[in-house]
Protein chains: 2
Amino acid sequence: MINQAGEYALRAVVHLARRDGLQPDSASDIAAATKVPQAYLQKILRTLTKQNILIAQRGMGGGFKLAKLSSAISVLEVLKACDSGPSRIERCPLGIAGHTQLCSLHRLIDQQTASVESTFATTSIADLIDNQDHIHPLCDPNTGSLAQVNLGVPNTSNGGG
Amino acid sequence: MINQAGEYALRAVVHLARRDGLQPDSASDIAAATKVPQAYLQKILRTLTKQNILIAQRGMGGGFKLAKLSSAISVLEVLKACDSGPSRIERCPLGIAGHTQLCSLHRLIDQQTASVESTFATTSIADLIDNQDHIHPLCDPNTGSLAQVNLGVPNTSNGGG
DNA sequence: TCATTAATAGATAGTGGACTCTATTATCCA
DNA sequence: TGGATAATAGAGTCCACTATCTATTAATGA
């Protein structure tokens, strides 16, 4: 449903949204804060820039920032930009000519996909940040710092949530 | 969410459920009816047998049949048998120690996953077959025959639904 | 006991997603 | 104008998933 690139893209966009109005943030800083392999993240940031979700600025003091308000960016559009997100079943996967609509099996799967897609389409990046929870994305509540995360801990490690 | 093996497994189990009470069906016949590569399907059928969803019978007249009533087999258990199906987010993917619960980003994703998982858990194979729709899984309504599908048409082909 | 049918098991090959590396281009600042 | 910073671009690597192939074992029936 959400591939690795989509997960990484969401982290990056949420990170940038949390520092809204500040200077653009460099790829290596974003990579550190989001714990994403830097070389791979750069590709993803490039993709998000091409899709007009981010704006890139080269040179000293450059980096990436949001191209629009975080309330105007849906979770779904970030995912789709990376060819991620739920993918609907358009036609009978078996190619049965008589199946002019999906059969019950594929309809079940597609309905679930559609439901998730709808939720992601109506949830904005701002929605993820504006919640009252004391657990904030990418941010360790013990320090309150943005980038103060356990660098070096592999993604598969335990603890936290 | 559902990998290729999971999709193929569901097709096979639905196919067998539709011929409930009949003789076991051979792997090659199941492969033809479900349009799954035979060699790969055999591995999947073996997996489903190990997980006690199917019963295998060797020798002449042998093949595979359901190990229990189709109403007692959930969609989810077929998927899980193949290491497929929605996978919940157990812990913070970034490993942030202070995240004792999921943050809003990962909670959003996990809630969607949980919803799909719940639906798959409460939907049985029988539910997929008992519907009143005239479009039946794996079955071309133009012929009404079980295995009478467009053999040779690749899975990516157009038409039907 | 023998031939036939069909599942079992494991080695092998192809493919796409995840990730890396390096060279290049653009921008800023002194 | 030159050096530092940082994005851009694309080729290349790695591995899990997908799929195939072959030899073996088991069951059936004559």
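Going from atom CD1 of A:Ile2 over to atom P of C:dA18 covers 12 Å, rounded to whole Å. If you take NZ of B:Lys43 and C1' of C:dA13, they are 12 Å apart, rounded to a whole angstrom. A:Ile44 places its CD1 atom 11 Å from the C1' atom of C:dG17, with the value rounded to the nearest Å. Rounded to whole angstrom, the span from the CG atom of A:Leu41 across to the P atom of C:dA18 amounts to 14 Å. Computed from coordinates, the B:Gln42 CD to C:dT12 P distance equals 19 Å when rounded to whole Å. Atom pair B:Tyr40:OH and C:dA13:P shows a separation of 18 Å (rounding to whole Å applied). Nucleotide C:dA26 holds its C1' atom 12 Å from the CZ atom of A:Arg46, rounded to whole Å.
Using a 4.5 Å heavy-atom cutoff, the side chains of B:Gln112 and B:Arg107 are not in contact. Contact of the B:Arg11 side chain with the A:Leu94 side chain is registered, since non-hydrogen atoms from C-beta on lie closer than 4.5 Å. Looking at heavy atoms from C-beta onward, B:Ile30 lies out of side-chain contact with B:Ser26 at the 4.5 angstrom threshold.
In the 5' to 3' direction, nucleotides of DNA chain D lying under 4.0 Å from heavy atoms of chain A begin and end at D:dT5 to D:dA11.
Remark: the backbone N or O of B:Thr119 is paired with a side-chain donor or acceptor of B:Thr122 at under 3.5 angstrom. Using modelled atom types, no side-chain atom of A:Ser118 and backbone atom of A:Ala114 make a donor-acceptor pair closer than 3.5 Å. Under the 3.5 Å distance criterion, the side-chain polar atoms of B:Asp25 are left unmatched by any main-chain donor or acceptor of B:Phe64. Between the side chain of B:Lys65 and the backbone N or O of B:Ile55, no donor-acceptor pair lies under 3.5 Å.
Partners of B:Asn3 according to the side chain to side chain contact (heavy atoms under 4.5 Å, CB included) rule, which considers only residues two or more places apart in sequence or in another chain, are B:Ala5, B:Ser84.
Under the 3.5 Å distance criterion, with hydrogens and angles disregarded, a donor-acceptor pair is assigned to the side chains of A:Ser124 and A:Asp127.
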Polar atom pairs between nucleotides 27-30 of chain C and protein, under 3.5 Å, N or O only, would you list them?
from, atom 1, to, atom 2, distance (Å)
C:dT27, O3', A:Gln57, NE2, 3.4

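Distances from the side chain of A:Ala39 to the nucleotides C:dA9, C:dT20, C:dA7 place C:dT20 closest.
Residue B:Ala56 is classed as a sugar-phosphate contact, given heavy-atom separations below 4.0 Å to backbone atoms only.
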